[in-house]
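Letters A, B, ... are given to chains in the order of the sequence lines, protein chains preceding strands, and every chain is numbered from 1.
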Protein chains: 2
Amino acid sequence: MSTIKDIAKHAGVSVATVSYVLNNNRYVSPEKKERVLAAIRELNYAPNAAARGLRARESRTIGLIVSDISNPFYPDLAKGCEDEAQKHGYAVHMINTNDQPERMRQAAAQAREGKIDGLIVTSALEADRELLQSLRERGFPLVLAHRRLEGLDADLVESDNFEGGLMAARHMLRMGHRRIAFMSGVAGSPTSKLREEGYRQAMKEAGIDVPPEWTLSGEAKYTASYERMLGYADMPPDERPTAVINMSDVGAMGVLDAAADRGLRVPEDVAVMGFDDLFLAAFRSVRLTTVRIPRYELGRRATELLLERLSEASRDARHVVLPVELIVRGTCGGEQA
Amino acid sequence: MSTIKDIAKHAGVSVATVSYVLNNNRYVSPEKKERVLAAIRELNYAPNAAARGLRARESRTIGLIVSDISNPFYPDLAKGCEDEAQKHGYAVHMINTNDQPERMRQAAAQAREGKIDGLIVTSALEADRELLQSLRERGFPLVLAHRRLEGLDADLVESDNFEGGLMAARHMLRMGHRRIAFMSGVAGSPTSKLREEGYRQAMKEAGIDVPPEWTLSGEAKYTASYERMLGYADMPPDERPTAVINMSDVGAMGVLDAAADRGLRVPEDVAVMGFDDLFLAAFRSVRLTTVRIPRYELGRRATELLLERLSEASRDARHVVLPVELIVRGTCGGEQA
DNA sequence: GTGAAAGCGCTAACAA
DNA sequence: TTGTTAGCGCTTTCAC
């Protein structure tokens with residue numbers, strides 16, 4: 001690989017001149033400029049990123065932490081992040097933690113080594129709090145995406161989870177249901193809690209008491225949801241919930257499949273809703289009514305915020321809440337033609 | 001951030017000594033070593049990656065090019081790549097090209113700038129050939145994953161596509177089908193071509209002629225496949241294929257849904273197979289028979305090859321073919337209890 | 001055993 | 001308008 005010196009020699013100018021034309025930040029006479037440009041072309045030169053980074057004390061790359069990229073929730077988010085970063089000349093480092101705190105620690109190390117200029121943390125866990133806090137205290141740019149961490153002084157981009165729960169439950173109510181179950185996620189997840197609060201609010205407005213068996217928590221995954229639904233299916237028909245809201249579309253698939261396995265018709269015997277609006281929700285054989293979470297936008301906005309923070313002096317932590325949207329398909333009835 | 005100088009001063013030693021303990025490559029007296037370690041802890045020091053990279057002329061990061069991370073085929077591959085890289089102290093740069101040649105060009109620029117030490121290219125397109133070739137000619141480490149590019153001098157990791165097509169068709173034959181359609185992917189894709197060759201081989205073995213309407217090509221996506229299936233459904237029952245093999249599980253979903261929309265029972269009226277074995281293939285309401293592509297392993301092996309190439313002197317291009325597996329579920333009948 | 005210093009490739013302050 | 005040079009933080013040769 002050729003260096004700036006090679007270019008300088010080849011063009012018969014000083015390295016400073018080459019640097020000036022490279023960065024276009026000083027006047028350089030047309031002839032010299034042309035010679036430099038020609039040399040660059042001829043030698044197929046590209047300035048070394050490490051050297052630049054060392055001088056400039058920045059890497060122009062941001063880190064994106066996801067717990068598991070093969071969870072279909074994240075790819076869109078990652079894409080939003082990458083598209084936005086890319087637009088501003090930043091690269092993105094993907095870091096899968098697989099929910100191992102050790103991996104989070106390695107990410108923090110990359111931050112201290114200057115490998116990344118800022119970090120987007122999706123689905124932050126309570127266990128990460130201390131580490132993230134210490135990063136923030138050292139002034140490292142950080143934005144949380146999708147999941148909040150109460151009390152952490154960092155930018156946050158999330159979807160309107162309370163509203164999502166509210167709108168899901170209201171929709172069920174509107175369709176005539178009274179016994180509506182809300183399958184929440186792992187206990188303690190703020191996302192899940194917020195959605196459940198929205199649900200409870202709607203139920204309260206409707207004057208309905210929510211017995212504990214309507215809000216079983218557990219994983220929002222397929223199997224765990226499938227099993228919870230089996231439990232409901234086995235209840236006496238006049239006690240069994242006639243509507244089930246699951247925290248994720250994949251979970252809702254489990255609910256749908258359990259209902260089918262027990263001979264329950266959807267939506268006649270049981271109405272089902274999910275959250276996310278994954279591509280599979282739109283399949284004709286599924287047609288899942290769901291609350292769309294703007295995943296791409298979550299990633300895009302988080303990146304936007306991070307980049308702003310990178311270029312501006314310190315400012316207060318911001319909190320952006322993205323609207324969610326009710327997508328009515330077939331699993332609750334009431335579908336538009 | 002503290003630098004090696006700060007540590008040296010703080011510990012009362014030279015920067016060289018600090019470097020020695022950091023890299024553990026020279027004898028350092030226990031006392032000094034301890035003092036250095038203490039200073040590192042106290043000042044929360046981490047060596048600057050750019051400076052190291054500049055010296056060492058390596059970034060310890062690899063680039064991973066995918067056309068679209070939100071295509072459910074890629075996340076597992078990306079994860080395999082990331083896990084393997086991570087194990088060897090490498091980071092991974094994700095690059096979504098969205099099939100824009102411009103993005104590929106930017107990736108190449110990153111390579112020339114030394115931002116990445118090597119590149120894994122998934123689903124390489126014919127249009128990328130020249131760029132990739134020029135990278136190889138400059139000796140840049142490159143491995144192709146999933147899709148081959150005939151004649152490109154680079155390592156390649158792919159799944160056994162011919163065998164996959166063969167095993168899919170043979171399975172259909174075994175289930176008693178004779179009119180078996182193979183919905184191939186976009187014309188010219190080597191992956192698709194190989195699979196189709198396997199299919200043709202099986203048909204030939206069975207002494208069956210394959211009329212052109214059985215091998216319609218198109219996108220392997222949901223909608224395109226849905227529509228192709230509608231075409232088959234509208235054929236007279238005694239001409240219509242009784243079995244359909246699609247190039248992807250998502251495509252197979254389209255086939256399944258089209259069949260359902262036309263009142264065709266699966267597998268009685270039409271048997272359906274996919275390729276990939278995505279998570280959705282296992283849903284109880286789907287139970288798609290499919291050819292499993294080892295996506296994670298594709299990413300992992302590609303990374304392994306790349307890392308070997310990074311550490312060893314130049315060697316001949318290698319070609320690894322990963323076995324595929326027939327996963328029998330319900331859409332072709334013959335499911336195990 | 002340990003340290004001084006050169007140098008990786010680049011930018012920018014300063015000099016001419 | 002252009003060039004010389006110091007220095008970013010680190011590793012490593014060479015000398016002691």
Residues B:Asp153 and B:Arg136: closest non-hydrogen pair is O-NE, 2.7 Å

Please tabulate the protein-to-nucleotide N/O contacts below 3.5 Å involving nucleotides 13-16 of chain D, giving atom names and distances.
| unit_1 | atom_1 | unit_2 | atom_2 | d |
| --- | --- | --- | --- | --- |
| D:dT13 | O4 | B:Tyr20 | OH | 2.9 |

Positions of residues 35-62 of chain B (non-hydrogen atom under 4.0 Å from DNA chain C), listed by number:
B:Leu54, B:Arg55, B:Arg57

Touch class at under 4.0 angstrom, heavy-atom based, for B:Val28 against every strand present:
sugar-phosphate

Check whether any side-chain N or O of A:Ser19 sits under 3.5 Å from a backbone N or O of A:Val15 as a donor-acceptor pair, and report yes or no.
no

In plain terms, say whether A:Arg295 and A:Asp276 are close enough for a salt bridge, that is, a side-chain N and a carboxylate O under 4.0 Å apart.
no

Taking heavy atoms of chain A and a 4.0 Å limit, find me the 5'-most and 3'-most nucleotide of DNA chain C within that range.
C:dG9 to C:dA13

Checking A:Tyr90 against A:Leu310 for the side chain to side chain contact (heavy atoms under 4.5 Å, CB included) test, could you report, in this order, the C-alpha distance in whole Å, the side-chain angles of both residues, the deciding distance, and whether it holds?
CA-CA 11 Å; A:Tyr90 277 75; A:Leu310 286 176; 3.8 Å; yes

Take B:Gly12 and A:Thr3, find for each the nucleotide of DNA chain C with the closest heavy atom, and name the residue whose nucleotide sits nearer the 5' end.
B:Gly12

Decide, yes or no, whether a salt bridge links A:Glu34 with A:Arg41 under the criterion of side-chain N to carboxylate O below 4.0 Å.
yes

Under the side-chain hydrogen bond (donor to acceptor under 3.5 Å, both in side chains) rule, collect the residues that match up with A:Asn25, sequence neighbours excluded.
none

Over all heavy atoms of both residues, which pair between A:Arg147 and A:Ser189 is shortest? Give the atoms and the distance, please.
NH1-OG, 4.0 Å

Note, B:Met1 side chain near A:Arg138 side chain (heavy atom, < 4.5 Å)
yes

Got a second to check how far A:Leu152's CG is from A:Gln133's CD, nearest 0.5 Å?
5.0 Å

When you match B:Lys5 and B:Asn23 each to their closest nucleotide on DNA chain D, which lands nearer the 5' end?
B:Lys5

For residues B:Asp155 and B:Arg309, determine if any side-chain heavy atom of one lies less than 4.5 Å from a side-chain heavy atom of the other.
yes

Degree of bending, the helix from C:dG1-D:dC16 to C:dA16-D:dT1 (end axes from five pairs; round to 10°):
50°

Inter-residue atom distance B:Leu22.CG - B:Ile7.CD1, 0.5 Å rounding:
8.5 Å

Closest to the 5' end of DNA chain C, once A:Leu22 and B:Ser29 are matched to their nearest nucleotides, is B:Ser29

Any salt bridge linking B:Arg300 with B:Glu304? Criterion: basic side-chain nitrogen under 4.0 Å from a carboxylate oxygen.
yes

With B:Thr61, which residues qualify under side-chain contact (heavy atoms from CB on, under 4.5 Å), at least two apart?
A:His93, A:Lys115, B:Ser59, B:Ala91, B:His93, B:Ile116

